[in-house]
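One structure below.
It should be emphasised that the depicted structure is a prediction, and the values quoted were computed from it without experimental measurement.
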Amino acid sequence: MSQSRTPTIVKCPTCQTDVVWGEQSPFRPFCSKRCQLIDLGEWAAEEKAIPGAPDLSDSDGWSEEM
């Protein structure tokens, strides 16, 4: 019994082009090196961030003395 496998298709996070998730797509989840570098540039410029609690250690209201 053989099963045909449907390839997994994802959207490129940068340009929304369909990308096959496999060895034929070396920049996955991106469609190209260009889209991969655009995303890296956005992270480096702090245009993107992972949500979380704010870091209070550098704020003016923070004090280590209690």
Side-chain angles (χ1 to χ4, degrees):
M1 183 180 343
S2 68
Q3 296 178 340
S4 64
R5 302 185 87 189
T6 304
T8 299
I9 307 290
V10 297
K11 295 280 186 191
C12 172
T14 303
C15 70
Q16 304 302 310
T17 300
D18 289 340
V19 178
V20 176
W21 192 267
E23 293 182 14
Q24 66 271 33
S25 303
F27 303 108
R28 64 186 178 274
F30 303 97
C31 65
S32 65
K33 185 73 173 175
R34 178 181 179 274
C35 283
Q36 188 181 43
L37 290 174
I38 288 170
D39 185 73
L40 176 62
E42 290 172 352
W43 282 97
E46 297 184 358
E47 295 173 13
K48 294 183 176 181
I50 296 173
D55 182 11
L56 300 176
S57 62
D58 292 335
S59 69
D60 293 331
W62 175 256
S63 173
E64 293 184 8
E65 298 177 20
M66 296 186 99

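- A distance of 3.5 Å separates CG of Asp39 from NZ of Lys48, quoted to the nearest 0.5 Å.
- Remark: Gln24 CD is packed, more than 12 non-hydrogen atoms of other residues, nucleotides or ligands lying under 6.0 Å away.
- Of the inter-residue distances, the one linking Asp18 atom CG with Lys11 atom NZ reads 4.0 Å to the nearest 0.5 angstrom.
- Residues that satisfy the side-chain contact (heavy atoms from CB on, under 4.5 Å) test with Glu23, not counting sequence neighbours, are absent from this structure.
- Taken to the nearest 0.5 Å, the OG atom of Ser25 stands 13.0 Å off from the CZ atom of Phe30.
- For Leu37, the side-chain contact (heavy atoms from CB on, under 4.5 Å) partners two or more places apart in sequence, or in a different chain, are Lys33, Leu40.
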Step by step, work out the side-chain contact (heavy atoms from CB on, under 4.5 Å) result for Val19 and Ile9.
CA-CA 5 Å; Val19 178; Ile9 307 290; over 6 Å; no
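- Listed by chain and number, the residues in a side-chain contact (heavy atoms from CB on, under 4.5 Å) with Trp21 are Thr8, Val10, Arg28, Pro29 (sequence neighbours excluded).
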